[in-house]
2 protein chains.
Amino acid sequence: MPPTPAVPQGKRPTLADVAARAGVSTALVSIVMRDAKGAGAATRERVLEAAREIGYRPDARARLLRSHRSHLLGVQFGLQHPFHSDLLEGIYAVAEPAGYQIALSAVSAGRGEQRATDTLLADRCEALILLGPQAPTARLAELAGQLPVVSVARRLRGSVPGVEVVRTADDEGARQAVDHLVALGHRDIAHIDGGRAPGAADRRRGYRTAMNRHGLADRARVLPGGLTEEEGAAAARTLLAATPRPTAVLAFNDRCATGVLDILLRARVSVPDEISVIGFDDSHLARLAHINLTTVGQDIPRLAELAVGRAIARLEGAGTSGAETSGGDTSGADVPGGEAVVAPHLVVRGTTAAPVHLGPGGITPTHGSGARGASAGG
Amino acid sequence: MPPTPAVPQGKRPTLADVAARAGVSTALVSIVMRDAKGAGAATRERVLEAAREIGYRPDARARLLRSHRSHLLGVQFGLQHPFHSDLLEGIYAVAEPAGYQIALSAVSAGRGEQRATDTLLADRCEALILLGPQAPTARLAELAGQLPVVSVARRLRGSVPGVEVVRTADDEGARQAVDHLVALGHRDIAHIDGGRAPGAADRRRGYRTAMNRHGLADRARVLPGGLTEEEGAAAARTLLAATPRPTAVLAFNDRCATGVLDILLRARVSVPDEISVIGFDDSHLARLAHINLTTVGQDIPRLAELAVGRAIARLEGAGTSGAETSGGDTSGADVPGGEAVVAPHLVVRGTTAAPVHLGPGGITPTHGSGARGASAGG
DNA sequence: CAGAACAACTAGAACGTTCTAGTCGGGGCA
DNA sequence: TGCCCCGACTAGAACGTTCTAGTTGTTCTG
């Protein structure tokens with residue numbers, strides 16, 4: 001074994017290679033690589049130089065194997081869910097600065113949640129963040145028995161011990177939407193729901209409660225919908241045939257709302273003049289200039305921050321007394337009982353306006369061309 | 001240390017725990033867990049039983065650390081790219097049955113490709129599959145110097161040694177689209193391009209070549225576009241003002257086409273009667289009943305299969321002589337020079353038809369209500 | 001019946017890192 | 001001067017697995 005090997009072909013350089021080249025021990029190289037204290041300035045520089053020269057790169061696995069903390073957060077997400085992609089973006093943004101790595105595991109048609117969580121566990125994650133999990137409560141409880149678990153956007157009936165929940169106040173969001181429409185003068189407001197999707201029950205309930213509070217209980221109408229454009233379109237067709245035809249619709253989410261817009265546009269029903277439409281999520285879709293959808297926004301960065309913060313707090317709260325690592329600030333909409341609820345906020349764009357017969361000599365303009373009618377797209 | 005410990009609280013059980021409980025050596029437990037030969041049936045059963053009892057789960061990291069092969073494929077993908085999600089689905093479906101694990105690393109606004117590939121390398125992946133990478137060629141070459149690299153959907157100028165390319169024949173797709181339109185009787189066919197997006201140059205070229213071949217070179221018109229609805233919408237506005245107004249448009253992708261449809265619909269221009277529209281990708285979007293977009297489909301399962309197959313072939317071709325592991329079949333549209341090109345296929349739906357003035361006393365119906373005009377949607 | 005061949009099993013050394021418990025030398029303090 | 005402390009550095013033992021090289025004991029072979 002030569003003391004100063006050239007770049008070892010076909011073999012990944014290790015601590016020992018760097019150590020040999022710099023003429024120090026592997027332990028010292030480890031210290032330098034970790035930026036830990038215990039190395040002199042000159043030596044430090046020499047080691048870094050040697051590492052650079054042979055293209056050394058620390059082996060994350062060996063590192064995690066040895067240190068008893070892995071600083072690894074496992075995140076399960078659904079492919080095909082733009083909402084999950086947005087959350088992931090936020091999760092990365094919070095976790096990495098806090099010194100945690102993210103291990104991703106996708107759920108798709110051919111790859112169930114069981115498999116997804118299994119690989120995360122095998123990877124030695126310290127905690128699990130599950131985006132919109134559909135697994136039965138029993139499974140979540142089983143996982144929670146092994147490590148901290150955070151469920152994002154899925155509310156759990158009763159509290160499952162060890163499982164934290166981070167979610168949007170869906171009922172509150174629906175309420176805001178209804179309030180906005182009522183304030184504009186609407187009374188016949190329909191809701192196209194999301195069936196069994198996460199959050200759907202709460203939005204339905206929020207809608208009903210708000211309608212009641214405005215004395216519009218008898219006008220409340222819930223149509224079966226879903227999370228896709230097609231389901232929204234189907235519901236919209238039903239809605240057009242109804243008498244009296246509602247003057248406003250609250251859809252389960254933006255995709256659903258888009259389907260509604262499409263059908264309305266095709267039927268030459270003007271939006272928002274004849275019918276106002278509100279979505280949910282404030283997805284990229286809704287923000288597109290030519291869709292310009294009024295919608296209920298979820299605070300995605302906040303959800304991500306809380307999810308990661310909760311997980312880290314559980315991890316560091318167990319070892320030391322408090323979470324003093326610079327990380328997610330877990331205060332705010334936090335509720336002691338293991339559930340963090342984030343407030344949604346209405347984003348008013350061009351698909352809502354006063355119903356036509358109420359406008360004072362015309363239609364209350366909302367925003368420039370926004371009231372000229374929006375179509376579907378996306 | 002008791003010989004048969006109860007479930008060790010707060011400590012993950014290891015091989016040694018299982019071994020102690022089953023009264024065998026750790027080596028034997030390892031053999032049983034890996035399903036390797038060298039263990040008797042009875043013992044095997046006893047070990048499995050013990051493992052089950054204490055909830056043993058192999059530690060992937062320690063396993064990879066020791067074994068020379070890691071059987072880990074690193075995949076870099078972009079959040080916010082539905083096309084990547086689809087590819088991922090296919091990649092999982094091919095890789096896992098072939099005995100390879102997938103390590104994901106996302107690219108987003110706040111997390112560049114450098115960081116994404118760095119974590120994959122630190123995780124000791126054996127090969128890298130990059131979905132639509134934007135990194136400069138030099139960076140790809142640098143990576144390729146360390147391990148096999150497969151670039152999916154990004155064509156590289158000249159061949160970068162060590163980098164394999166798997167892509168759709170974008171020019172061929174554009175050609176198919178033009179041929180279809182010409183066959184329907186169109187002559188004024190415009191193309192809204194994708195600017196610098198991966199594949200855009202090829203689609204542009206394919207469009208131009210096809211127009212030439214049909215003797216329509218002087219009618220060819222390329223409008224600057226992009227990959228989003230908004231860019232499609234902007235181009236469509238330009239297009240409506242043009243004289244002569246084209247009777248057909250080939251958009252860079254489905255999202256772009258959707259933006260076009262939206263503007264046309266809003267301008268009361270009937271699709272496909274007055275203008276035919278073709279997209280690219282055959283995304284979920286295009287398949288929605290109320291959008292019903294004619295589009296050029298990419299063979300996503302095939303792309304995924306080739307990408308994984310190529311990576312595995314490189315890995316196993318280096319160690320042993322041939323790739324005999326049951327894995328992706330890498331034959332087919334394979335080209336020796338390190339580039340695999342997959343044929344696209346036109347999917348005819350409702351947004352294309354003969355131009356109105358050519359129809360024999362009317363419009364050639366395409367498919368049921370498909371010809372009645374499609375709108376945008378999400 | 002000796003020896004080979006084989007299956008079942010084990011001890012102990014890797015793998016690349018971090019952690020623990022040092023050693024060594026020098027400066028401050030009494 | 002003697003002592004202690006501190007910073008720089010190192011040897012060697014983990015971590016949980018797989019691999020190598022055995023060691024048994026049984027059965028086949030001639």
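Each chain gets a letter, A, B and so on, in the order the sequences are listed, and its residues count up from 1.
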Practice task
Apply salt bridge (charged side-chain N to carboxylate O under 4.0 Å, His left out) to the pair A:Asp17 and A:Arg57, showing each step before the final yes or no.
Solution key: CA-CA 11 Å; A:Asp17 297 322; A:Arg57 192 182 290 280; over 6 Å; no
Practice task
Give the rounded distance in Å between these two atoms: CG of B:Leu64 and C1' of D:dT18.
Solution key: 11 Å
Practice task
Give the rounded distance in Å between these two atoms: CE of B:Met33 and P of D:dT17.
Solution key: 9 Å
Problem - N/O donor-acceptor pair under 3.5 Å between B:Arg314 side chain and B:Leu147 backbone - result: no
Exercise for the section: Examine C:dG16: is either OP1 or OP2 under 4.0 Å from a nitrogen or oxygen in the side chain of B:Arg61? Give yes or no. Expected result: no
Exercise for the section: Check the distance between C:dG16's C1' and A:Arg12's CZ and give it to me in whole angstrom. Expected result: 10 Å
Completion exercise
Of A:Val160, A:Val163, A:Leu128, the one forming a side-chain contact (heavy atoms from CB on, under 4.5 Å) with A:Leu143 is A:Leu128
Handout entry: C:dC19 phosphate, OP1 or OP2, under 4.0 Å from A:Arg34 side-chain N/O
Key = yes
Problem - Integer-rounded Å distance: D:dC15 C1' and B:Arg63 CZ - result: 16 Å
Handout entry: Atom pair OG1 (B:Thr43) and CG (B:Leu28), whose distance is rounded to the nearest 0.5 Å
Key = 6.5 Å
Exercise for the section: Please check if any side-chain donor atom of A:Ser67 sits under 3.5 Å from a side-chain acceptor atom of A:Arg63, or the reverse. Expected result: no
Practice task
Determine yes or no for a side-chain-to-main-chain donor-acceptor pair under 3.5 angstrom, with B:Arg124 supplying the side chain and A:Asp59 the backbone.
Solution key: no
Practice task
Supply the atom-to-atom distance B:Leu79 CG to A:Tyr92 OH, rounded to the nearest 0.5 angstrom.
Solution key: 7.0 Å
Practice task
Examine distances only and state if a side-chain atom of A:Glu113 and a backbone atom of A:Gln134 form a donor-acceptor pair shorter than 3.5 Å.
Solution key: yes
Practice task
Determine, for nucleotides 5-11 of chain D in 5'-to-3' order, which nucleotides have protein heavy atoms under 4.0 Å from the base (write B), from only the sugar-phosphate (write S), or from neither (write -).
Solution key: ---SBBB
Problem - Sugar-phosphate, base or nothing in reach of A:Arg69, heavy atoms under 4.0 Å - result: nothing
Exercise for the section: Determine whether any donor atom in the side chain of A:Arg66 lies under 3.5 Å from an acceptor atom in the base of C:dT18, or the reverse, and answer yes or no. Expected result: yes
Practice task
Report the distance from atom CG of A:Asp59 to atom P of D:dT17, rounded to the nearest whole Å.
Solution key: 16 Å
Practice task
Kindly say if A:Ser30 contacts the phosphate of C:dT18, meaning a side-chain N or O under 4.0 Å from OP1 or OP2.
Solution key: yes
Exercise for the section: Using atom types as modelled and distance alone, determine if a side-chain donor or acceptor of A:Arg154 lies under 3.5 Å from a backbone N or O of A:Ala135. Expected result: yes
Problem - Rounded to 10 degrees, the angle between the two terminal axes of the helix from C:dC1-D:dG30 to C:dA30-D:dT1, each from five pairs - result: 50°
Exercise for the section: Grab the CZ-C1' distance between A:Arg124 and C:dT17 for me, whole Å please. Expected result: 13 Å
Exercise for the section: Grab the CD-P distance between B:Gln101 and D:dT17 for me, whole Å please. Expected result: 15 Å
Problem - Nucleotide D:dA13, atom P - distance to CG of A:Leu65 in whole Å - result: 17 Å
